[in-house]
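Note that the coordinates shown come from a computational prediction; the quantities given were computed from them, not determined experimentally. In the text below, chain A, chain B and the rest are named by the order of the sequence lines, each starting its count at 1.
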Number of protein chains: 2
Amino acid sequence: MPRQAAFHPHLILDAASRLAARDGPAAATIARIAGELGAPTGSIYHRFASRDVLLGEVWLGAAEAFQRDFGAVLAGDPPREAALAAAAFVPARVRRRADEARLRLLHRREDFLGGAWPGELAARARALQRAAVAGLHEACQRLCGRADAEALRVLRFAVVDAPLAAVLPHLHAREAPPPVVDALVRASAEAALAMLTGPQSRRRAQRR
Amino acid sequence: MPRQAAFHPHLILDAASRLAARDGPAAATIARIAGELGAPTGSIYHRFASRDVLLGEVWLGAAEAFQRDFGAVLAGDPPREAALAAAAFVPARVRRRADEARLRLLHRREDFLGGAWPGELAARARALQRAAVAGLHEACQRLCGRADAEALRVLRFAVVDAPLAAVLPHLHAREAPPPVVDALVRASAEAALAMLTGPQSRRRAQRR
DNA sequence: ACTGTTCTAGAATACTTATTCTATTTTGAG
DNA sequence: CTCAAAATAGAATAAGTATTCTAGAACAGT
């Protein structure tokens, strides 16, 4: 019965992603997204209840894809090598999927949404957040036998914050991270992990 | 002759800074800045040619203040200790001047200005950028005898990017960086600096 | 061919924004 | 006391925004 769709939700999400990755989320206005597709603005609202839902979906999609793969690496064995691999995963991912990385790493949720998550997305966002915390918690426990706030902070620095910092200037410059970035990521991750496993494990080994 | 000023430029800059630090630069609209002061919007334009000039001044002011002190630390002697001190300077500064740090570290120039620097500020912005590059260049040269792109990248990571990464989650959470952050900053800075001075200087020493 | 459903089309609305304009007030020197 | 400069005051303007609304077009099953 229905008429054939000319503007699949998928096309709209693509256009919004492209605009947000290139010029930032604020540039992804309804008018511009529609313009990118040659569509009237009304057609966007036929598919998405609001701009917040649309942009939220864009951000959540990128974040979920990134975190799924990142989490898989971090959950590997043995835990120390898994953590180093997770850190190394960040620049590799940025090289292979620059747009996704720009969305996920250059902007925060607030830049996309302003306010809170719209109803339908709130659950997914919470699940994502929980999965990230749980993944880090488990890796921390396996790595050093504890998962207090301080240990979590150190591990997060090693596998998330420092790799992000190494990659960030190149995201801003819209260029692929050079090879030296991988060396920086590895060196800083090892240094941070040594704070968790280094002296203590040595001491523990000596005691035995 | 003239009438007494009720809204000094200084007061306007303060109000804009406060708003931008608290809710982000996008929240610092002319209407809100005026509201914060109990002033009509026209009075803002009596002092500042445009919103871009006003917000540009806010950002440049914070950036110049931060960089002046940071640069002084980085220029100290001996170069290796100066670099470590510069890295340690970042979390210390964030603790002491949270608002300035939020402006400078949480947002980029583009979030404040959108377009290019307005005329009067362009020269100051260029000078600031040049000073930052020169300071890093000189420190790099003193530290390891070279200042090619790779060495500069490593030094920048050690003293700027990694400390920023360590501090960033706490800026987002609007809390003071905990002590473990200082340890992370030191460890990652040492690890990065070792890539510049470690193996090579040992080799050089062995050759003599 | 008809018909109801789903879509496109794009004008219309309501709101927020930066900016400009036209008074009006204050102030101190002559 | 007067007057011109420099300030406040706040309404008016012009864009740009998300969102809604009404009309028409396409299409599969009958």
Side-chain angles (χ1 to χ4, degrees), chain A residues 1-17 19-20 23-59 107 109-121, chain B residues 1-17 19-20 23-59 107 109-121:
Chain A
M1 298 162 178
R3 173 176 175 180
Q4 207 173 29
F7 307 113
H8 267 280
H10 159 266
L11 286 177
I12 298 174
L13 285 169
D14 266 10
S17 292
L19 279 171
D23 306 327
T29 66
I30 297 288
R32 255 191 275 225
I33 295 167
E36 184 94 353
L37 289 168
T41 64
S43 292
I44 308 290
Y45 283 91
H46 187 67
R47 303 298 190 166
F48 296 91
S50 70
R51 179 175 180 266
D52 275 6
V53 170
L54 169 52
L55 282 199
E57 201 106 36
V58 165
W59 195 89
H107 309 282
R109 188 196 64 85
E110 298 93 298
D111 301 328
F112 277 77
L113 260 74
W117 287 101
E120 358 165 3
L121 299 180
Chain B
M1 298 160 178
R3 171 178 177 179
Q4 208 171 31
F7 307 112
H8 269 279
H10 158 266
L11 285 178
I12 298 175
L13 284 170
D14 267 9
S17 292
L19 280 172
D23 304 327
T29 66
I30 297 288
R32 255 190 276 225
I33 296 167
E36 185 94 354
L37 289 167
T41 63
S43 292
I44 309 289
Y45 284 91
H46 188 67
R47 303 299 190 166
F48 295 92
S50 71
R51 180 176 180 265
D52 275 7
V53 169
L54 169 53
L55 282 200
E57 202 106 36
V58 166
W59 196 88
H107 309 282
R109 188 198 63 87
E110 299 92 298
D111 301 328
F112 277 78
L113 261 73
W117 287 101
E120 359 166 3
L121 298 180

With the criterion being N/O to N/O and under 3.5 Å, what pairs connect the protein with nucleotides 22-24 of chain D, and how long is each?
residue	atom	partner	partner atom	Å
D/dG24	N2	A/Arg3	NH1	3.4

message: Five pairs per end, C1' atoms only: what is the angle between the end axes of the helix from C/dA1-D/dT30 to C/dG30-D/dC1, to 10 degrees?
response: 10°
field: Contacts of type side-chain contact (heavy atoms from CB on, under 4.5 Å), residue A/Phe112, not counting sequence neighbours
entry: A/Ala20, A/Pro25, A/Leu55, A/Val58, A/Trp59, A/Leu103, A/His107
message: A/Tyr45: which residues meet the side-chain contact (heavy atoms from CB on, under 4.5 Å) condition with it, sequence neighbours left out?
response: A/Ile30
field: Interatomic spacing from CG in A/Leu121 to CZ in A/Arg109 - rounded to 0.5 Å
entry: 11.0 Å
field: A/Phe48 CZ - C/dC7 C1' separation (whole Å)
entry: 15 Å
query: Can you tell me how far C1' of D/dA26 sits from NE2 of A/His46, to the nearest Å?
result: 13 Å
query: Heavy-atom contacts under 4.0 Å between residues 4-15 of chain A and DNA chain C, which residues?
result: A/Ala5, A/Ala6, A/Phe7
- request: Keeping to residues at least two apart or across chains, list the salt bridge (charged side-chain N to carboxylate O under 4.0 Å, His left out) pairs with something in residues 37-56 of chain B.
  value: none
field: Pairs meeting criterion salt bridge (charged side-chain N to carboxylate O under 4.0 Å, His left out) with involvement of residues 4-17 of chain A, two or more places apart
entry: none
Nucleic acid footprint by protein, nucleotides 10-17 of chain D - heavy-atom cut-off 4.0 Å, B for base, S for sugar-phosphate alone: BB-----S
task: List in chain and number order the residues that pass side chain to side chain donor-acceptor pair (under 3.5 Å) with A/Glu36, two or more places apart in sequence or in another chain; answer none if no residue qualifies.
output: A/Arg18
message: Which heavy atom of A/Ile33 sits nearest to which heavy atom of A/Ala15, and what is that distance?
response: CG2-CB, 4.2 Å
